[in-house]
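Report on one structure; see the data block that follows.
For the numbers below, each heavy atom of this structure counts, side chains included, while hydrogens, waters and symmetry mates do not. Here the structure is a predicted model, which is why all the values come from computation and not from measurement.
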Amino acid sequence: GGVVWWCMVCCRLHPSTVRAPETLDGGRVAPGNTRKISQLKVRSGQRRILGGYLASQCDPSSTLCLPVKSDRKRKVTVTEATPAVSQILEDCHSMEESTLALAQTLARQTIHEESPPGSPRAGRSHAQILKEKVAGFRRTRSLNAPSPIQQFGPCGRIMKNSAMVMTIQDPASQRLTWYKPPLTVLVIKKVRDAMVIPPFIQLVKWFINQKRMVVFVESAIMDDPVLTRHPEFGHIKEKLMTFDEKKDDLTDKIDFCCCLGGDGTLLYASSLFQQSVPPIMAFHLGSLGFLTPFKFEDFEAQVTHVLEGHAALTLRSRLRCILMKKEEEETSANPNTNQLVLNEVVIDRGPSPYLSNIDLYLDGKLITSVQGDGLIVSTPTGSTAYAVAAGASMIHPSVPAVMVTPICPHSLSFRPIVVPAGVELKICVSPDSRNTAWVSFDGRMRQELCHGDSLRVTTSIYPIPSISAQDQITDWFDSLAECLHWNVRKKQRTLDELSDLSSDPYDEIKNET
């Protein structure tokens, strides 16, 4: 009338039963154990708690699982032990009181005991327990799937390695907060556009006079003739802090950033920060404005709302692109090109009339060779830029992924692919290629990729904290509808709007004749 648990014995012990001299009761083990023994693992030099027992100083390759017989009263009947198992049980006697108490706690948490007949918990299998846990899970409003259960069946589970754990915060809960009031703000405006000058001066004056913040601007705009001729610019010119993109490093100097322009202005702001990026608020004063959700008309209330910490964030991942020249790789020198991109890195055939022949590696393994005009490696943010024009899918910026899209491939079966954000891509010119290739980073820093050079692309740990006007979902779909006219189609008429199909359409013609 009992239940017998049989477990594997990796060291192939004789499947005899074991007499447990003591049980976990008040920190010691006493005869008449009322807990079941389900599994015993052995590791060299350490003690492992599994099923309420601890084992130590045994063969590191061995895993011992004791066959135990339990009756309906949850009592364990254990008989003779082999010498090896007896030694293990003797080691259990020397454990400290606190360790045994911990073993009791873990045993109660991780092992479900067989209950007496008539109990509401009687006869529940491992699968039933997992099913009840899943049924009790309430999905929150999240852009990521719920964290999967990490135990598979009675014995399998994912190996935990703290050095390889990546935590992704629920995007729905990503809100901006300031642990101290922001003091410095960087204001970037669209270049060569006179329409942006009045909003730029208005915003800068407001930051200086109303918010008492230190305003940083590009040194190049100080010589802009359209800006310098503006009558109000002279009053604030001396109060501005300037920086040079090629000389100054803005890391840890800027608390907040405002962009006045289009998507290109935000891409330029991203290039200024090659490490941690301050929160960026982008105002739509450009052409397309897919990444700029804010309207400038009511900027005072909107900026004040953000500075008070009431704003949603969209963490836009970036790509770390390292271009290793052949001579740099041979001499182990530091690469001259180490760039972070927000949209994409593009490898194309340049001015050559020949097809580009590019080898693509993923985590060191050759995946394919691209024969066509080139290759686009983009972030989810960049999926709505060059990649979508080349036939790729549009991916929400909160999805952790990297897109690989061929440009006009000379193949009918080469479709765009999406790979996990944690992989490393290596791109190089094939040895038998007739020509070299050219590479550009967010449309900038275009340079030649020669034979023997390699481009390594990974997801950076420094995303762009883009401030949302409403929330991540609404902003993105509004941009799809307004900027790209996604799924715009003339609506089909309803049946009520159609003419009577039962009548003869030629009756009217016959009457006229």
Side-chain angles (χ1 to χ4, degrees), residues 186 188 191 218-220 242-254 264-277 316-352 356-364 366 369-370 373-379 381-382 385-386 402-404 407 421-431 433-464:
L186 172 64
I188 301 176
V191 297
E218 304 169 76
S219 58
T242 61
F243 73 95
D244 191 331
E245 175 191 1
K246 299 180 180 179
K247 298 179 181 178
D248 299 324
D249 183 12
L250 295 178
T251 305
D252 299 331
K253 295 180 180 179
I254 305 299
T265 309
L266 181 61
L267 294 177
Y268 173 70
S270 170
S271 67
L272 297 176
F273 300 92
Q274 292 299 303
Q275 293 184 36
S276 179
V277 186
R316 301 182 180 274
S317 62
R318 295 193 290 177
L319 298 177
R320 170 71 67 184
C321 305
I322 301 176
L323 179 58
M324 292 288 295
K325 290 293 185 179
K326 183 179 180 181
E327 54 272 14
E328 293 174 348
E329 199 158 359
E330 291 175 349
T331 59
S332 300
N334 292 328
N336 290 326
T337 303
N338 188 341
Q339 191 74 13
L340 288 181
V341 299
L342 176 58
N343 265 357
E344 73 276 304
V345 52
V346 178
I347 304 94
D348 58 69
R349 59 190 175 95
S352 173
S356 65
N357 198 343
I358 302 169
D359 289 339
L360 174 64
Y361 294 83
L362 193 148
D363 283 343
L366 178 63
S369 293
V370 182
D373 281 353
L375 190 68
I376 305 171
V377 181
S378 61
T379 63
T381 297
Y386 193 179
V402 177
M403 298 191 65
V404 179
I407 306 173
V423 303
E424 180 189 63
L425 298 174
K426 177 184 174 183
I427 302 162
C428 56
V429 179
S430 297
S433 177
R434 297 184 179 184
N435 60 309
T436 62
W438 288 76
V439 57
S440 59
F441 308 92
D442 275 344
R444 309 176 75 218
M445 299 179 61
R446 185 171 174 82
Q447 52 191 294
E448 191 173 13
L449 187 67
C450 303
H451 290 83
D453 300 345
S454 64
L455 174 66
R456 299 179 184 272
V457 182
T458 57
T459 301
S460 171
I461 62 174
Y462 301 108
I464 294 291

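For the pair I407/V346, a side-chain contact is recorded, criterion being any heavy-atom separation below 4.5 Å from C-beta on. A 4.5 Å side-chain heavy-atom check between R320 and N338 finds at least one atom pair inside the cut-off. With a 4.5 Å cut-off on side-chain heavy atoms, I188 and E218 count as touching. Contact of the L323 side chain with the P335 side chain is not registered, since no non-hydrogen atoms from C-beta on lie closer than 4.5 Å. Two residues are said to be in side-chain contact when any heavy atoms from C-beta on lie closer than 4.5 Å; S270 and V277 fail this criterion. Side-chain contact between I322 and E424 is absent, with no heavy atoms from C-beta onward closer than 4.5 Å. Looking only at side-chain heavy atoms (C-beta outward), S433 and H451 come within less than 4.5 Å of each other.
The side-chain hydrogen bond (donor to acceptor under 3.5 Å, both in side chains) check on D248 picks up nothing, with sequence neighbours excluded. Applying the side chain to side chain contact (heavy atoms under 4.5 Å, CB included) criterion to N334, with sequence neighbours excluded, gives no partner residue. Every residue two or more places apart in sequence or in another chain that forms a side-chain hydrogen bond (donor to acceptor under 3.5 Å, both in side chains) with T337 is listed here: Q447. S317 pairs by the side chain to side chain contact (heavy atoms under 4.5 Å, CB included) definition with T379, P380, T459, not counting sequence neighbours. Checked against side-chain hydrogen bond (donor to acceptor under 3.5 Å, both in side chains), S352 has the following partners two or more places apart in sequence or in another chain: N435.
Nearest heavy-atom pair, D359 versus S430, reported as atom, atom and distance to 0.1 Å: OD1-OG, 2.5 Å. Between C428 and S454 the shortest heavy-atom distance is CB-CA, 4.2 Å. Among all heavy-atom pairs drawn from G350 and D348, the shortest one is N-OD1, 2.8 Å. The two residues S378 and L319 come nearest to each other via the heavy atoms C-CD1, 4.0 Å.
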In a table with atom names and distances, give each donor-acceptor pair under 3.5 Å that connects a side chain of residues 437-445 to protein atoms at least two apart or in another chain.
from	atom 1	to	atom 2	distance (Å)
D442	OD1	N343	N	2.8
D442	OD1	E344	N	3.1
D442	OD2	L342	N	2.7
R444	NH1	S271	OG	3.2
R444	NH2	E245	OE2	3.1

*Run the numbers on K325 and N336 for side chain to side chain contact (heavy atoms under 4.5 Å, CB included), then give the verdict.*
CA-CA 9 Å; K325 290 293 185 179; N336 290 326; 6.0 Å; no

*Run the numbers on I254 and F243 for side chain to side chain contact (heavy atoms under 4.5 Å, CB included), then give the verdict.*
CA-CA 11 Å; I254 305 299; F243 73 95; over 6 Å; no

*So Y268 and V191, side chain to side chain contact (heavy atoms under 4.5 Å, CB included) or not? Walk me through it.*
CA-CA 11 Å; Y268 173 70; V191 297; over 6 Å; no

*Could you please spell out the steps behind the side chain to side chain contact (heavy atoms under 4.5 Å, CB included) verdict for N357 and R434?*
CA-CA 8 Å; N357 198 343; R434 297 184 179 184; over 6 Å; no

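Under 3.5 Å, the side chains of E448 and T436 contain a donor-acceptor pair of N or O atoms.
Formation of a donor-acceptor pair under 3.5 Å by the R318 side chain with backbone atoms of I464 is not found in this model.
Atoms CG and CG, from L272 and D249 in turn, are 10.0 Å apart once rounded to the nearest 0.5 Å. Remark: Q275 CD to S460 OG distance equals 9.5 Å, nearest 0.5 Å.
If you run side-chain contact (heavy atoms from CB on, under 4.5 Å) between L425 and each of L455, T458, V402, only V402 comes through.
Atom CG of D252 has 12 or fewer heavy atoms from other residues, nucleotides or ligands within 6.0 Å.
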